[in-house]
Amino acid sequence: MTGMNFIPSSISAQNDVTSFTSSKDIPITGHYDVIVCGGGPAGFIAAIAAARQGARTALVERYGFLGGMATAGYVTPLSVFAFKGELVIGGIPWEFIKRLESLGGAFIEWPKANIDFDVELYKLCTQRMVLEANVDLYMHSTLIGCETTNKKISRIFITNKNGIESFSAKVFIDTTGDGDLAHMAGAPMQKNPDGELQPSSFCFILSNVDTESDLLKKCMYHNGINGPSQCLPVREKLLQLKASGEDIPDFGGPWFNNVLHKGCVAVNITRTATDACDNRNFTKAECQLREDIFKFTNLLKTHFREFKDCYVASCAPQAGIRESRRIIGMHTITAEEYIHAYHYPDSISRGIHPIDIHASKGTSQTRIDLQQPAYVPYRALVTKQIPNLLVAGRCISTDRQALASLRVQASCMGTGQAAGAAAALSIASNNTVQEIDTNTLIATLKKWGAVL
Ligand SMILES: Cc1cc2nc3c(=O)[nH]c(=O)nc-3n(C[C@H](O)[C@H](O)[C@H](O)COP(=O)(O)OP(=O)(O)OC[C@H]3O[C@@H](n4cnc5c(N)ncnc54)[C@H](O)[C@@H]3O)c2cc1C
């Protein structure tokens with residue numbers, strides 16, 4: 001049985017939009033071994049991994065640059081690669097960090113190896129590594145649908161200035177963060193029992209901040225050496241103002257993150273509950289958050305001399321998304337397994353960031369520090385139903401608590417690396433993604449430097 005699956009309702013509800021019943025007429029403009037949808041931390045690493053294994057690989061990205069939340073959301077730092085000074089996530093992700101460092105674009109904060117980075121050099125470095133691996137890059141290209149035949153994805157549809165194009169592949173990797181391809185292909189997705197999602201935060205860069213001041217020096221780093229990264233004096237002032245009746249929007253932190261340039265910080269302070277997969281809801285939330293960016297900037301200028309001459313140099317291209325869709329995989333990682341560092345026979349990556357849940361309303365946050373690095377089983381990257389689909393990054397199969405740690409970028413890169421290698425292995429061994437030999441996969445990942 002063949003089906004054409006497009007983003008639900010956005011196409012079919014509107015008669016005046018091109019009817020996708022005519023999608024049969026859209027010719028296939030590219031044939032690949034592996035297509036990776038989404039060029040964020042999971043996606044660009046997955047594409048490099050697949051291509052280095054000899055797979056003819058394409059990477060589709062809706063923006064004109066790679067990096068996902070790192071560059072499109074100004075999410076810094078990139079967390080975390082190490083535990084007590086020892087690498088936990090190695091291989092291509094760590095190679096990327098060393099390459100970025102050699103360009104002057106990364107500062108490694110030991111012992112956890114949180115990575116402060118320069119957003120523009122991050123874009124340059126990802127692009128170079130992807131192109132050097134001979135990945136065909138389709139930027140400014142949005143995934144809008146797929147065709148499935150007997151549950152197998154046969155091709156995807158993307159839109160860009162050339163029109164609507166379709167590409168076929170043997171294996172597809174969904175690294176859209178929101179699980180767009182899995183959702184379009186009809187994979188079962190998880191439902192949060194209470195409908196609760198972590199809030200969105202719209203990050204921005206402030207310039208002309210006194211980054212040499214004690215206030216900033218104490219909180220700009222995440223290695224715990226100078227104090228907590230959350231800027232407590234600012235937090236307390238905002239809470240005080242709120243208590244005295246001033247109109248202070250919900251906020252988190254705040255965090256003033258190092259972007260490697262004197263006078264500049266990436267600010268993570270705004271917060272609102274939203275469903276990022278609902279266009280109307282997300283648009284409304286983003287407009288509200290943009291207002292809040294300027295409100296908080298004025299508050300900082302008024303109450304803290306370190307910020308008195310600062311200005312909003314730039315808002316991220318989009319509000320950041322912490323939580324949206326996730327697949328129901330062959331295995332769903334639970335908090336219980338995660339916190340106790342359960343070792344699976346098919347462990348393919350790790351995670352050591354705290355379980356970090358931001359309240360969707362208000363100013364609170366719950367954190368559980370891990371006592372030892374956790375593991376990720378390959379089966380969390382694969383659905384039971386679709387024989388040629390892998391997912392990596394934020395949309396893998398976890399419960400809410402495990403996601404609250406695994407969503408960070410180094411962990412997303414780790415699952416991206418595994419997904420890329422698994423896709424190539426599935427093709428080379430002529431097995432479905434569910435049937436590949438995970439010992440061979442693990443051996444490849446270890447050879448690259450993964451710490452399993
Ligand atoms: C406010 C905030 C603070 C955070 N703090 C930290 C932190 O301190 N440290 C840390 O490491 N992590 C942090 N995170 C988490 C982290 O940034 C993300 O979870 C991580 O980037 C997810 O990686 P990903 O590759 O799965 O998805 P993403 O980074 O979301 O990348 C997905 C990519 O797919 C593309 N895409 C999406 N849909 C389509 C489509 N239909 N067609 C084509 N392309 C598409 C996007 O443009 C994007 O490039 C934070 C997140 C937020 C929002």
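Whatever order the structure lists them in is the order used to number ligands and atoms, beginning at 1. We're numbering straight along the sequence, starting at 1. On a predicted model such as this, the values are computed, not experimentally measured, just so you know.
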task: Only heavy atoms count here, so choose which of Val60, Thr415, Val75 is nearest to atom 52 (C) of ligand 1.
output: Val75
task: Pull out every atom of ligand 1 sitting under 4.0 Å from any heavy atom of Val408, numbered as shown with elements.
output: 10 (C), 11 (O), 12 (N)
- request: Would you tell me which option among Ser200, Pro41, Ser79 has the nearest heavy-atom contact to atom 11 (O) of ligand 1?
  value: Ser79
statement: In ligand 1, the atoms that come under 4.0 Å of a heavy atom of Gly320 are 53 (C)
- request: Under 4.0 Å, heavy atoms only, figure out whether ligand 1 is touched by the backbone of Thr175, its side chain, both or neither.
  value: backbone
message: I'd like to know if Ala72 contacts ligand 1, where contact means a heavy-atom distance under 4.0 Å to any ligand atom.
response: no
field: Side-chain donor-acceptor pair present, Ser405, Tyr338, cut-off under 3.5 Å
entry: yes
- prompt: Around Lys242, counting heavy atoms of other residues, nucleotides and ligands shown, do more than 12 lie under 6.0 Å from its NZ?
  reply: yes
- line: Tightest non-hydrogen contact, residues Glu196 and Glu323, listed as O-OE2, 4.2 Å
- request: Please state whether Ser141 comes within less than 4.0 angstrom of ligand 1, counting heavy atoms only.
  value: yes
message: With heavy-atom distances below 4.5 Å as the criterion, would you say the side chains of Glu61 and Leu66 are in contact?
response: yes
Where at least one partner belongs to residues 38-53, residue pairs that pass side-chain hydrogen bond (donor to acceptor under 3.5 Å, both in side chains), sequence neighbours excluded: Arg52-Glu95
- prompt: How about Trp110 and His222: are their ring centroids closer than 6.0 Å?
  reply: no
- prompt: So is Ala410 polar-close to ligand 1, meaning N/O to N/O under 3.5 Å?
  reply: no
message: For Leu78, which part has a heavy atom under 4.0 Å from ligand 1: side chain, backbone, both, or neither?
response: backbone
task: Check each heavy atom of Asp180 against ligand 1 and say whether those closer than 4.0 Å belong to the side chain, the backbone, both or neither.
output: side chain
task: Examine the side chains of His140 and Arg62 and answer whether a donor and an acceptor come within less than 3.5 Å of each other.
output: no
query: So, is Glu61 polar-close to ligand 1, with some N/O to N/O distance under 3.5 Å?
result: yes
task: Would you mind listing which atoms of ligand 1 come within a distance below 4.0 Å of any non-hydrogen atom of Ala42?
output: 25 (O)
task: Check the surroundings of atom CD in Glu291: do more than 12 heavy atoms from other residues, nucleotides or ligands lie under 6.0 Å from it?
output: no
message: Can you confirm whether the side chains of Arg394 and Ser324 place a donor and an acceptor under 3.5 Å from each other?
response: yes
message: Could you check whether Phe256 and Phe307 have their ring centres less than 6.0 Å apart?
response: yes
task: Ignoring angles and geometry beyond distance, decide whether Gln409 reaches within less than 3.5 Å of ligand 1 through its nitrogen or oxygen atoms.
output: yes
- request: Heavy-atom distances under 4.0 Å are what count here, so tell me which part of Pro77 touches ligand 1: side chain, backbone, both or neither.
  value: both
query: Taking both backbone and side-chain atoms of Tyr63, is any N or O found less than 3.5 Å from an N or O belonging to ligand 1?
result: no
message: For Glu86, is the CD atom crowded, meaning more than 12 foreign heavy atoms sit under 6.0 Å from it?
response: no
query: Under 3.5 Å between some N or O of ligand 1 and some N or O of Met69?
result: yes
message: Checking the N or O distance criterion of under 3.5 Å, is ligand 1 in contact with Ala392?
response: no
query: Which atoms of ligand 1 have any heavy atom of Ile321 under 4.0 Å away?
result: 53 (C)
message: We want to know whether Ser349 and Tyr378 form a side-chain donor-acceptor pair, criterion being a heavy-atom distance below 3.5 angstrom.
response: no
- request: Give the ring-plane orientation class for Tyr344 versus His331, where under 30° counts as parallel, over 60° as perpendicular and anything between as tilted.
  value: perpendicular
message: Closer than 4.0 Å to some heavy atom of Arg394 - which atoms of ligand 1 meet that?
response: 19 (O), 26 (O)
- request: Kindly confirm or rule out an N or O of Ala70 lying under 3.5 angstrom from an N or O of ligand 1.
  value: no
message: I need the contact type for Asn268 against ligand 1. Using non-hydrogen atoms and a strict under-4.0 Å cut-off, is it side chain, backbone, both or neither?
response: side chain
- prompt: Heavy atoms, side chains only, cut-off 4.5 Å: are Ile156 and Cys37 in contact?
  reply: yes
Side-chain donor-acceptor pair present, Arg155, Ser166, cut-off under 3.5 Å: yes
field: Element-labelled atoms of ligand 1 that are located less than 4.0 Å from some non-hydrogen atom of Gly393
entry: 26 (O)
- line: Numbered in order shown, the ligand 1 atoms found under 4.0 Å of a heavy atom of Gly68 are 29 (O), 31 (O), 48 (C), 49 (O)
message: Under 4.0 Å, counting heavy atoms only: does Gly39 come that close to any atom of ligand 1?
response: yes
query: Which of the atoms in ligand 1, numbered in the order shown and given with their element, are less than 4.0 Å from a heavy-atom of Cys412?
result: 22 (C), 23 (O), 26 (O)
